Number of protein chains: 2
Amino acid sequence: MANIHQVAKYAGVSVATVSRVLNDQGTVTAKTRIKVEDAIKELNYEPSMLGRNLRNSESRILLILIPTISNPFYSEIIKGIETAALKHNYNILLCETDSNPERENIYFDLVRKKMADGIISMDPAVNMETLMKLAEHHSIIQCSEYALDSGIPYVTIDNEDAAYRAVKHLIRIGHEKIALINSDEKFLYARQRKLGYQKALRENGIEVQDNYMFHTQELGFDQGRQAMRKILDLDDRPTAVFTVSDLLAIGALKEIHQHGLLVPNDIAIVGFDKIDFSNMTHPTLTTIAQPMYQMGTIAANMLIDKIKGNEVDSIVLDHELIIRESTSG
Amino acid sequence: MANIHQVAKYAGVSVATVSRVLNDQGTVTAKTRIKVEDAIKELNYEPSMLGRNLRNSESRILLILIPTISNPFYSEIIKGIETAALKHNYNILLCETDSNPERENIYFDLVRKKMADGIISMDPAVNMETLMKLAEHHSIIQCSEYALDSGIPYVTIDNEDAAYRAVKHLIRIGHEKIALINSDEKFLYARQRKLGYQKALRENGIEVQDNYMFHTQELGFDQGRQAMRKILDLDDRPTAVFTVSDLLAIGALKEIHQHGLLVPNDIAIVGFDKIDFSNMTHPTLTTIAQPMYQMGTIAANMLIDKIKGNEVDSIVLDHELIIRESTSG
DNA sequence: ATCGTTCTTGTAATCGTTTACAAAAACATC
DNA sequence: GATGTTTTTGTAAACGATTACAAGAACGAT
């Protein structure tokens with residue numbers, strides 16, 4: 001493979017001139033530009049990002065920290081990030097932490113070692129202390145899940161209000177016994193959504209019952225099933241369930257079917273996220289739509305801005321209640 | 001941020017010695033090693049991958065080419081790739097082509113420009129000519145979808161046999177009118193699976209009917225619905241459907257339900273891939289299990305081997321028929 | 001004390017770019 | 001043609017690591 005010196009020699013110019021042609025900057029006569037371009041073609045030259053990156057002290061890579069790629073919620077965000085990144089000539093390094101601190105550290109090291117120019121963190125289980133320390137010298141954006149007092153800019157939705165609206169919808173269509181399948185309350189979004197759930201109940205004179213609130217370790221299908229199983233075992237069985245993720249909802253749905261009950265007639269369900277699959281189940285899921293793609297593009301643009309050295313402000317995006325079959329009884 | 005020279009100065013040694021400590025090679029006295037390690041700690045030094053990569057002419061990045069991250073089939077493979085890559089100190093650059101040649105080219109450029117050390121291509125729609133040309137000078141592995149005569153090593157399953165077994169299962173449980181929802185036959189796997197479908201029919205004295213075979217542009221839910229709609233419109237309606245992806249199958253399932261019919265009683269369905277969601281539907285999907293995670297790890301190991309300059313052989317992995325509710329009538 | 005070995009360290013080139021600065025060329029003006 | 005101004009090009013120093021090779025230190029044997 002040819003390098004810039006060989007191109008310069010072949011074209012009979014200096015490396016500086018070749019570089020100028022390459023980057024379309026500085027002034028180059030048409031005649032020399034053509035000489036250089038010919039040489040580039042002739043030698044099949046491709047400029048090495050390794051040299052360029054070293055010289056520019058950048059990697060043009062953004063690190064995306066997610067707990068797992070299996071949750072479609074994240075894939076949709078990633079799409080947004082990728083498109084925005086590409087537009088600015090950045091590429092994305094995918095990092096699944098599996099909420100494993102060891103992996104997390106490997107990935108943090110990548111930005112410490114300049115292999116990445118910044119981080120978009122979407123892992124609720126991320127080690128906040130480390131992240132904050134890292135943020136002192138590196139560009140970081142929080143996406144979806146965040147710590148308010150970290151001083152790290154974030155893009156997210158109003159979780160409390162979203163949950164409030166979801167539960168209010170259930171109340172409006174006549175439900176009073178409404179269960180909550182939440183995730184671990186060590187996560188901010190879990191606490192916020194619980195608040196929304198409680199607020200909706202209280203506002204409508206419905207007592208908040210502790211035995212109607214369940215917690216799961218993860219946001220998956222299996223956890224949804226298990227939680228639903230417990231709910232079905234309750235003496236005073238709820239007529240509706242609000243879950244904090246579509247995957248949980250789909251698990252709950254499955255469990256309800258397995259018990260020979262019908263959704264929404266016997267039990268209504270509301271999910272959260274509006275992943276593609278929420279529209280593929282039978283019945284289709286009522287859910288809260290998060291603007292995932294947009295969250296991705298915005299997060300990426302914020303990060304790139306931050307890398308450039310600009311100040312960036314946190315953003316709260318709109319959500320929307322999508323009413324579908326699982327509550328239309 | 002400190003660099004190696006500052007560390008050397010602080011420790012009172014040469015950069016060579018620091019480098020030796022960093023990489024645990026060459027000989028260093030215990031005494032000087034400690035001096036260097038102290039300096040590293042004191043200055044908060046982190047070796048820059050940019051310098052190292054340039055010197056070593058490598059990026060330690062593997063490029064993963066997929067059509068879309070939304071299909072869980074790919075996410076599972078990616079998990080395998082990531083784990084294997086990490087074990088060898090490589091990282092993965094995620095590249096969604098959306099089967100868009102322009103995007104593809106952007107990503108190909110990354111390896112031309114040494115931003116990536118190799119490619120794992122999983123995009124059936126990849127431009128084979130370009131890929132083959134690229135393979136002359138770069139390390140490439142095909143995963144799942146492949147071109148046999150490309151000379152590029154691949155890891156995959158026996159698609160024909162898998163389809164054959166799926167359809168034979170349908171025949172065994174009494175079906176004779178079996179439709180096929182296939183994807184575009186420009187893809188090798190589509191042609192192979194069709195062969196398997198036909199072989200199973202012929203072997204059992206069932207005529208292969210052209211009007212029972214359908215093609216879709218993509219492997220998604222919507223395409224599955226549309227194809228199923230056409231099938232339901234047939235005069236002589238099939239009693240079973242074999243689809244070449246779980247997403248297609250889930251779409252078909254939805255459409256059947258919408259028409260007030262039951263699976264498997266009215267129509268049985270077999271999918272392909274065994275994505276997580278195939279177990280979440282109601283009824284659960286009979287499907288062909290591809291060892292996706294394993295395919296990922298193997299592909300990654302093959303690629304890393306190839307990058308090292310070793311010869312690597314293509315591999316055909318085992319598949320398995322998973323019988324579930326959608327055919328257990 | 002001298003020599004030969006072995007072990008440890010240092011010097012300086014290298015990887016492939018970009019860019020500040022200097023130098024040369026081109027042009028306009030008188 | 002001499003001079004000044006502008007435009008175009010070239011020289012050489014970064015960026016931050018690794019590594020041949022050379023040199024120096026340490027050590028035992030004589």
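Note that the structure is a prediction, hence the values are computed from the model and not measured. Proteins get letters first, then strands, A, B, ... in listed order; numbering begins at 1 in each.
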Side chain of [X], heavy atoms from C-beta onward: which of [options] has the nearest atom to it?
| X | options | answer |
| --- | --- | --- |
| A/S19 | C/dT18, D/dG16, C/dT8 | C/dT18 |
| B/T17 | C/dT9, D/dC15, D/dT18 | C/dT9 |
| B/R52 | C/dG16, D/dA17, C/dT17 | D/dA17 |
| B/S14 | D/dT11, C/dG10, C/dA13 | C/dG10 |
| A/H5 | C/dT17, C/dT9, D/dT19 | C/dT17 |

How is [X] classified with respect to the nucleic acid when contacts are heavy atoms under 4.0 Å: base, sugar-phosphate, or nothing?
| X | result |
| --- | --- |
| B/N53 | nothing |
| A/Q25 | sugar-phosphate |
| A/T27 | base |
| A/L50 | nothing |
| A/Q6 | nothing |
| A/V13 | sugar-phosphate |

[X] [atom1] to [N] [atom2], straight-line distance once rounded to whole Å:
| X | N | atom1 | atom2 | answer |
| --- | --- | --- | --- | --- |
| B/I4 | C/dT14 | CD1 | P | 19 Å |
| A/E58 | C/dT19 | CD | P | 10 Å |
| B/M115 | C/dT17 | CE | C1' | 14 Å |
| B/L22 | D/dG16 | CG | C1' | 11 Å |
| A/K31 | C/dA26 | NZ | C1' | 11 Å |
| B/D24 | C/dT8 | CG | P | 14 Å |
| B/N56 | D/dA17 | CG | P | 12 Å |

[X] side-chain N/O to [N] phosphate OP1/OP2 under 4.0 Å:
| X | N | result |
| --- | --- | --- |
| B/T32 | C/dT9 | yes |
| B/N23 | D/dT18 | yes |
| A/S48 | C/dC15 | no |
| B/N3 | D/dC15 | no |

Open item on the list: Given the structure, check if the side chain of A/R55 and the base of C/dT18 hold any donor-acceptor pair shorter than 3.5 Å.
Closed with: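 When only heavy-atom distances are counted, A/R55 does reach the base of C/dT18 through a donor-acceptor pair under 3.5 Å.
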
TODO: Kindly say whether B/V155 contributes a backbone atom to a donor-acceptor pair with the side chain of B/Q142 at under 3.5 angstrom?
DONE: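 Checking the backbone N and O of B/V155 against the side chain of B/Q142, no donor-acceptor pair under 3.5 Å is found.
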
- [ ] Would you confirm whether B/T68, through its side chain, and B/S70, through its main-chain N or O, come within 3.5 Å as a donor-acceptor pair?
- [x] yes

Open item on the list: Here's a test of your reading of the structure: between A/V15 and B/G51, which maps to the more 5' nucleotide of DNA chain C?
Closed with: B/G51

Task: Given DNA chain D, 5'-ward residue of the pair B/Y45 and B/R20, judged by closest heavy atom - done: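 The 5'-side residue here is B/Y45.
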
Open item on the list: Under a 4.0 Å threshold between the charged nitrogen and the carboxylate oxygen, would B/D117 count as salt-bridged to B/K306?
Closed with: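 Looking at B/K306 and B/D117, the cut-off is not met.
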
Task: SB check A/K79 B/E96 (cutoff 4.0 Å) - done: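 Salt bridge present between A/K79 and B/E96.
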
Open item on the list: Under a 3.5 Å threshold, yes or no: a donor from one side chain and an acceptor from the other, between B/T83 and A/R103?
Closed with: yes

Task: Distance-only polar pair, side chains of A/S314 and A/Y146, donor-acceptor under 3.5 Å - done: no

